[in-house]
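In what follows, a structure is listed as structure tokens, so that the remarks can point back to it.
In the text below, chain A, chain B and the rest are named by the order of the sequence lines, each starting its count at 1. Keep in mind that this is a model prediction, so the values were computed, not measured.
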Number of protein chains: 2
Amino acid sequence: MNSGVVLDLNQLRRHCSVCALHELCLPAGIDRQAMERLDDVVRDRRTLEKGKPLFRQGDVFHALYVVRSGSLKTYVESPTGESQILGFSLPGELVGVDALANDRHLCSAEALERTSVCELPFGQLDRVAREVPALNRQLLRVISREVAAEQHHLVTMGKQQAQERLATFLRSLSERYGRLSRDPNTLTLPMSRYDIANYLGLVVETVSRLFGRMENAGVLEVSRKTIRILRPDLLTALCNGSSEAVPESSQVRTPRS
Amino acid sequence: MNSGVVLDLNQLRRHCSVCALHELCLPAGIDRQAMERLDDVVRDRRTLEKGKPLFRQGDVFHALYVVRSGSLKTYVESPTGESQILGFSLPGELVGVDALANDRHLCSAEALERTSVCELPFGQLDRVAREVPALNRQLLRVISREVAAEQHHLVTMGKQQAQERLATFLRSLSERYGRLSRDPNTLTLPMSRYDIANYLGLVVETVSRLFGRMENAGVLEVSRKTIRILRPDLLTALCNGSSEAVPESSQVRTPRS
DNA sequence: CGCAGTCTTGATGGACATCAATGGTTGTGG
DNA sequence: CCACAACCATTGATGTCCATCAAGACTGCG
């Protein structure tokens with residue numbers, strides 16, 4: 001077997017300084033020496049199979065995580081068993097921040113596909129961040145990004161119609177794919193329609209219908225998990241409720257303020 | 001005039017160590033010496049009249065704020081002029097965290113009544129936090145609280161019916177009033193019905209009707225800005241959709257998952 | 001193959017938005 | 001102090017977006 005070689009590659013890749021994501025992630029804007037200190041914090045990366053939990057609501061908190069490859073969903077479950085998806089995490093994105101306040105995770109995180117993450121035990125991260133001010137600052141920056149993303153989601157849920165929500169969701173994915181230097185107009189969705197619907201506060205039938213509608217409006221090409229954005233301009237327009245190009249049911253709409 | 005005396009009181013009150021809120025706020029769990037360092041960070045508190053902005057979406061970021069007395073709303077405005085309220089801030093609560101990522105505020109904050117805040121210029125806060133690890137840790141904790149509150153709001157928007165949303169909102173206020181050692185069952189709402197509706201993703205008429213419904217179900221006593229919670233137990237039940245005690249329109253409901 | 005999970009499409013209904021009208025409250029200026 | 005305006009709050013009648021119910025097609029896996 002070639003497990004020796006694989007191990008070497010893993011060892012090599014372990015270091016932040018050679019990680020393809022280091023411009024997006026915690027190391028951003030940190031000098032080489034500090035980055036080596038950061039490497040001490042990053043424990044073995046963990047790999048999760050599809051559907052496996054990274055942590056569960058109620059677990060005691062001991063580490064933050066950064067997605068390395070693959071993707072996660074985070075969600076909360078109510079006592080009655082229904083769940084609400086809070087977000088999806090792509091490579092370079094931080095997970096677990098909500099647990100800093102109570103030393104317990106308030107939500108669960110689960111792999112949507114085979115996914116690997118960097119584990120940052122918080123005690124060590126805290127200690128190194130103290131010695132490396134730039135790292136501490138960057139940590140706050142990344143956490144603040146999380147806050148901003150949640151705010152954006154809230155606006156979507158509070159003010160937008162179903163179609164605008166889906167358009168906004170796709171735009172967001174597209175933009176993040178772009179940052180990862182993937183083709184921003186060819187999305188391979190790691191999550192199910194159920195997950196998308198749940199995330200957007202809709203039901204799966206509605207999402208399915210909207211995909212259909214956007215497809216025969218020429219905005220998208222939908223083929224199961226693969227979405228091609230044919231008209232990014234129209235997609236952007238749909239985010240703001242510009243309702244050109246929608247055959248189903250003639251449209252007059254006045255949004256609530 | 002007695003302005004000299006008032007000034008002395010203000011001077012006295014300025015210090016975190018004698019602030020009535022220090023158990024809830026940044027100083028929590030910090031020793032006396034460290035608290036004096038924190039005092040150096042807290043610049044003059046500012047007082048805002050009702051309706052006045054603390055900061056506006058797009059402003060450059062230079063400070064975090066803690067509400068001292070009164071209350072704020074934070075909201076984002078879309079290019080089309082509609083707005084979404086993200087939250088209301090009561091004494092002891094932190095405002096402005098979303099700006100850490102981009103050095104610009106992503107939302108606006110405005111006083112709902114005569115309100116005073118402590119201003120924490122971020123440069124100094126960052127510097128002192130570096131020297132006082134416990135403060136840094138507490139800062140993260142308080143920020144994390146913000147994240148958790150937003151998550152809670154998201155679940156409300158994604159999964160709950162109108163009545164459950166309003167009940168959840170009132171419960172949350174009641175709890176926070178309790179922490180401030182006010183009567184948790186007598187709420188004096190600083191915000192308008194429009195604000196409540198906006199915050200909950202509803203329209204004002206719906207909120208008004210729901211207040212009416214809950215009133216003649218015996219859960220509340222509603223008198224303009226003053227809400228008395230007569231049956232806290234029923235209010236809690238309403239948060240989970242237990243729809244006992246609702247005269248209007250007989251009820252069968254199955255929530256979306 | 002068969003079965004379970006996922007996705008799509010159609011028909012119906014309900015929760016809440018919209019439209020409309022009125023009364024109450026607050027603030028301002030003569 | 002009153003009059004006026006601007007805003008806030010309540011209540012009723014109507015409409016619509018999307019959830020619900022139902023059924024079928026497709027995919028993937030043991």
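Note: CD (B:E215) to C1' (D:dA9) measures 13 Å, nearest angstrom. The distance between atom CZ of A:R193 and atom C1' of D:dA19, rounded to the nearest whole Å, is 19 Å. Atom CG in A:L210 sits roughly 13 Å away from atom C1' in C:dT9 (whole-Å rounding). In this structure, A:R213 atom CZ and D:dC17 atom C1' are separated by 10 Å, rounded to whole Å. Nucleotide C:dG5 holds its C1' atom 18 Å from the CE atom of A:M191, rounded to whole Å. Here C:dC7 presents its P atom at 15 Å from CG of A:L202, a figure rounded to the nearest Å. B:I196 places its CD1 atom 12 Å from the P atom of D:dC8, with the value rounded to the nearest Å. Counting to the nearest Å, the P atom of D:dA19 and the CD atom of A:Q163 are 14 Å from each other.
At C:dC16, one or more side-chain N or O atoms of B:Q161 fall inside 4.0 Å of OP1 or OP2 (strictly under the cut-off). Residue B:K225 has no polar side-chain atom (N or O) positioned under 4.0 Å from OP1 or OP2 of D:dC8. OP1 or OP2 of D:dC18 has not a single side-chain nitrogen or oxygen of A:T206 nearer than 4.0 Å.
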Worked verdict on B:Y75 versus B:Q57 for side chain to side chain donor-acceptor pair (under 3.5 Å):
CA-CA 9 Å; B:Y75 58 96; B:Q57 196 170 337; over 6 Å; no
Check the pair A:S192, A:K225 against side-chain contact (heavy atoms from CB on, under 4.5 Å), reporting the backbone distance first and the verdict last.
CA-CA 8 Å; A:S192 71; A:K225 297 285 190 194; 4.2 Å; yes
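Checking C:dC7, D:dA19, D:dT10 against the side-chain heavy atoms of A:V203 singles out D:dA19 as nearest. Side chain of B:S208, nearest nucleotide from D:dC8, D:dT10, C:dC7: D:dT10.
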Polar atom pairs between nucleotides 20-27 of chain C and protein, under 3.5 Å, N or O only, would you list them?
none

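The base of D:dG12 is paired with the side chain of B:R209 by a donor and an acceptor separated by under 3.5 Å.
Partners of A:R176 under the salt bridge (Lys or Arg N to Asp or Glu O under 4.0 Å) rule, at least two apart in sequence or in another chain, are A:E93. Taking the side chain to side chain donor-acceptor pair (under 3.5 Å) definition, one finds that B:T115 meets it with nothing, sequence neighbours left out. Residues that satisfy the side chain to side chain donor-acceptor pair (under 3.5 Å) test with A:T80, not counting sequence neighbours, are A:S78, A:E82.
Contact record, A:E77 with A:S108: OE1-OG, 4.4 Å, taken as the closest heavy-atom pair.
Judged as a ring pair (Phe, Tyr, Trp, His ring centres under 6.0 Å), the pairs with a partner in residues 197-231 of chain B (not counting sequence neighbours) are, in order, B:F88-B:Y199, B:H153-B:Y199, B:F169-B:Y199.
Using modelled atom types, no side-chain atom of B:S83 and backbone atom of B:V76 make a donor-acceptor pair closer than 3.5 Å. Listed for the A:N198 side chain is a donor-acceptor partner under 3.5 Å among the backbone atoms of A:I85.
Comparing the helix axis at one end of the helix from C:dC1-D:dG30 to C:dG30-D:dC1 with that at the other, each defined from 5 consecutive pairs, gives an inter-axis angle of 40° (nearest 10°).
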